[in-house]
Structures are given as structure tokens and as C-alpha cells.
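Report on one structure; see the data block that follows.
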Protein chains: 2
Amino acid sequence: MTESLPTRDRLVAAMADLMRFQGYGATSVKQIVDHASAPVGSLYHFFPQGKRQIAADALRSTGAAYIALVPVLLDPHDDLGDGIRAFFDAAAEDMERAGWANMCPVGTVAAEIADTEPELREIAAGIVSSWIDQSTAYFVGRGLDPDLARRVTVMALAALEGAFLLARTLRSTESLHVTGETLAGLVSHLPLTAGT
Amino acid sequence: MTESLPTRDRLVAAMADLMRFQGYGATSVKQIVDHASAPVGSLYHFFPQGKRQIAADALRSTGAAYIALVPVLLDPHDDLGDGIRAFFDAAAEDMERAGWANMCPVGTVAAEIADTEPELREIAAGIVSSWIDQSTAYFVGRGLDPDLARRVTVMALAALEGAFLLARTLRSTESLHVTGETLAGLVSHLPLTAGT
DNA sequence: GTCTATATGCTGATAGAC
DNA sequence: GTCTATCAGCATATAGAC
């Protein structure tokens with residue numbers, strides 16, 4: 001983490017990276033600054049409210065980055081089911097290569113802080129809500145009825161996060177491949193509204 | 001937590017309870033003994049290796065308790081899909097009533113400790129593996145082909161854990177109802193092997 | 001087995017020189 | 001904006017009387 005980014009950005013990236021592996025509680029301020037090759041003072045200069053504030057920033061920036069993947073990974077596939085399968089297979093490959101870190105800190109952290117860090121929980125809830133809204137809109141654009149699109153989104157997101165949890169715990173990609181395959185079969189047979 | 005259980009059992013129950021809400025890292029030894037109305041010395045008397053050891057015990061005992069729910073909740077339903085729907089709806093009701101604690105500490109804790117507590121991760125992996133094996137065997141007993149039974153199990157477990165995560169983050173039962181309903185539709189149309 | 005007092009180290013956070 | 005030295009508090013764990 002000695003990239004030539006501004007200090008502030010290096011700190012946020014380091015926090016996001018550490019949270020993917022360790023979650024929030026197990027990540028110490030000292031680890032963050034070491035990982036970002038920055039002095040402690042700089043962290044409190046940019047983030048006067050300390051660890052909680054930099055965690056909020058890291059969640060927000062990665063949350064925004066991940067929702068952008070949906071169109072990127074699904075657009076190339078005419079059949080939505082094929083797109084979903086490719087999405088889950090890509091996640092499996094990335095996860096194994098990254099040493100079983102979660103893809104996104106939001107999933108790792110959300111359960112951990114849901115009752116102990118109310119402010120961070122609300123931020124995580126906002127990110128997840130916007131994921132659901134944007135992904136629903138994408139599926140509507142691909143021809144699904146709005147209500148069905150939302151249900152498909154919620155189902156797929158739950159399956160993805162759960163499969164990440166199992167993969168991480170078991171150190172196996174089976175859960176990602178199986179859920180991706182099953183969802184693909186489901187989605188390929190959904191009715192599309194006229195004109196798509 | 002002033003039940004008339006032996007001290008050792010009260011300590012394990014307190015740890016399991018706290019981990020459901022807070023996870024592992026945010027639960028302190030002081031909280032455990034306070035919640036169990038026991039002195040610190042007793043914890044280290046029964047669990048010489050301290051917090052990590054009592055966490056392992058709490059995970060094991062709740063892991064065993066939860067797999068027992070599968071036949072209890074599914075046996076009454078002739079149609080497997082109906083059983084799955086009832087399972088998820090029951091989980092949603094319990095979760096909301098319990099103030100959005102996770103049903104089982106294994107899910108809350110697994111992601112958090114996967115890279116920081118190798119011994120606990122292996123214990124969690126063992127529990128999850130045995131869930132998958134036992135649940136697969138149950139579905140085979142209900143007439144599914146073994147390979148299909150395993151895939152249904154993995155899919156359902158991933159969806160359940162993911163739906164828990166979303167419900168906890170968003171403080172809404174929507175994810176549990178939607179995933180339960182979707183899985184139910186899927187499972188109701190699976191082919192059964194002859195003779196069931 | 002129960003309980004209290006305490007040791008040791010690490011935590012998040014701050015002050016102040018440069 | 002950068003960096004170091006340091007604070008006060010809490011963490012896990014232990015010692016030893018009862």
C-alpha cells in the first residue's frame with residue numbers, strides 16, 4: 001500500500017482493505033496507518049472522529065464501487081440467467097485468488113456492527129438499500145416487471161452474501177457456483193414484459 | 001440470565017447470547033460474566049483458555065441445537081416447498097421479536113473471525129459442514145436425488161444466511177419472506193425419485 | 001468452586017514540535 | 001500537513017484468600 005495516492009485516499013483504501021479481511025472491531029488504528037504508510041496524526045487530521053468516521057467513508061466508497069459492477073457484468077449477456085451465472089463465477093474466482101477475503105467490506109462488517117455501532121449500521125443500511133433500488137431498476141430495464149425485479153434482486157443479493165459467508169467459512173467456492181447456477185436457472189425462465 | 005443452571009452452562013449460554021447480537025470481538029469477558037451472574041474466576045476455572053475457548057463451546061452447542069430444527073420444522077409439511085416457506089417465515093418472526101439479533105451466532109461470527117481466529121474458523125467450518133451433510137441426508141430421505149439434495153441444501157443455507165444479514169442490516173423481514181417464497185416455488189417443482 | 005484485587009499490554013485518541 | 005510522545009481507559013488474564 002505504498003501507491004502514490006494522496007494520504008487521505010491511501011488511508012480510506014487501507015481501511016476498506018483491512019475491513020474486508022478482519023471486519024471493523026479487529027482492525028486497529030495502528031494497523032490502518034501502518035498499512036497506509038501514514039502517521040497517526042494524519043488519520044486524525046483528515047478524520048477528526050477517528051476510526052468510526054474512516055470506516056464510514058470506506059463503506060461508502062466501496063459500496064458505490066460495487067454497485068457499478070452490475071451493469072458491467074450483466075450487460076454483455078443477452079440471457080439474464082447467463083449473466084447471473086457469470087457474475088457468481090467471477091466472484092468465486094476473485095475470492096479464491098484474494099485469499100478468501102470478502103469482496104466487499106459491507107457484507108463482512110454489517111452483521112458485526114448491527115447492534116454495537118448504530119451510526120455505521122445506518123450507513124450500511126443506506127448502501128444496501130441503494131444497491132437494491134439500483135439493481136431493481138436495472139432488471140426493470142432488462143424487461144422485468146417492477147415487483148418481480150425487486151424480488152429477484154433481493155433474492156440474488158441474499159444468496160450472494162450468504163454464499164460469500166459460506167465460501168469464506170469453508171474456504172470453498174462450491175457455495176458460489178451452486179447458488180449462481182440455481183439462480184441462473186430460475187432467472188432464465190422468468191416472464192419478460194412486452195417489447196424486450 | 002439468573003436461571004438456576006449450573007455456572008458453567010450459564011456462562012456458555014451467556015456467551016452464545018451475546019455473540020448473536022455483538023459478534024465475537026465486541027463481546028468482552030466482563031460482559032460474559034455479568035450476563036451470566038458469575039465471577040470472573042469461574043470463567044477461567046471452567047475455561048482455562050479464556051474467551052476463545054468459551055466461544056468455541058458456545059458455537060458448538062448452538063450449532064447442534066439449530067440443525068435439530070430442520071426435521072422439526074419440515075416434517076409436518078407434505079410439500080417440501082411449503083416446509084421451506086414456513087421455515088423462513090418462522091425465522092422472520094423470531095428475528096423481529098428478538099430485536100434483530102441473528103438466530104444463530106455461527107452466522108454472525110463466521111465472517112468476522114475467518115481471518116483473525118483460525119481455531120474458531122475451523123470450528124465454524126466443521127459446524128457448517130455438518131449442517132450441510134445432515135440437511136442433505138434429510139432431503140434425500142424426502143425423496144431427492146443425493147446430488148440435487150446437496151445443491152438444494154447449499155442454496156437454501158446461503159439464502160438463509162444472506163437473508164439474515166440483510167434483515168439485520170435493514171431491520172426488515174422483507175429479505176426473509178422474499179427468499180423463502182422464491183425457494184419454496186423452486187423446491188415444489190423438483191423431481192422426486194420413485195417411491196416417495 | 002467462588003470471588004476480589006490486580007498485573008500487563010494494547011486501545012483509540014490527543015498535544016504540540018516541526 | 002507530518003510526525004512523535006504520551007494519555008487515560010479498558011482488554012484479557014492471573015494470583016491467592018476464602
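Because the structure is predicted, anything quoted here is derived from the model rather than measured. Every chain is numbered from 1, with letters handed out A, B, ... down the list of sequences.
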Without decimals, in angstroms, what is the distance between [X] [atom1] and [N] [atom2]?
| X | N | atom1 | atom2 | result |
| --- | --- | --- | --- | --- |
| B:D34 | D:dA11 | CG | C1' | 14 Å |
| B:K51 | C:dG9 | NZ | P | 19 Å |
| B:Q49 | D:dA13 | CD | P | 10 Å |
| B:Q53 | D:dT14 | CD | P | 12 Å |
| B:H45 | D:dC18 | NE2 | C1' | 15 Å |
| A:I32 | C:dT11 | CD1 | P | 11 Å |
| B:L5 | C:dG1 | CG | C1' | 17 Å |
| A:L43 | C:dA15 | CG | C1' | 16 Å |

Would [X] and [Y] pass as an ion pair if we require N to O under 4.0 Å?
| X | Y | result |
| --- | --- | --- |
| B:D115 | B:R121 | no |
| A:R97 | A:E93 | yes |
| B:R8 | B:D57 | yes |

Can you check whether [X] has a side-chain N or O nearer than 4.0 Å to OP1 or OP2 of [N]?
| X | N | result |
| --- | --- | --- |
| B:Y44 | D:dT14 | no |
| B:S42 | C:dG1 | no |
| B:T7 | C:dT2 | yes |

*Given C:dG12, D:dA11, D:dT2, the nucleotide with the shortest approach to the side chain of B:S28*: D:dA11

*When you get a sec, tell me which of C:dG12, D:dT2, D:dT4 is the closest nucleotide to the side chain of A:V40?*
D:dT4

*A:D145 and A:T193: CA distance, side-chain angles, deciding distance, side-chain hydrogen bond (donor to acceptor under 3.5 Å, both in side chains) verdict*: CA-CA 6 Å; A:D145 168 84; A:T193 57; over 6 Å; no

*Map A:G41 and A:K30 onto DNA chain C by nearest heavy atom, then report which one ends up closer to the 5' terminus.*
A:K30

*asked:* According to side chain to side chain donor-acceptor pair (under 3.5 Å), does anything in residues 102-112 of chain A pair up with another residue at least two apart or in another chain? List the pairs.
replied: A:N102-A:T108

*Contact class for B:G50 vs. all strands (heavy atom < 4.0 Å): base, sugar-phosphate, or nothing?*
sugar-phosphate

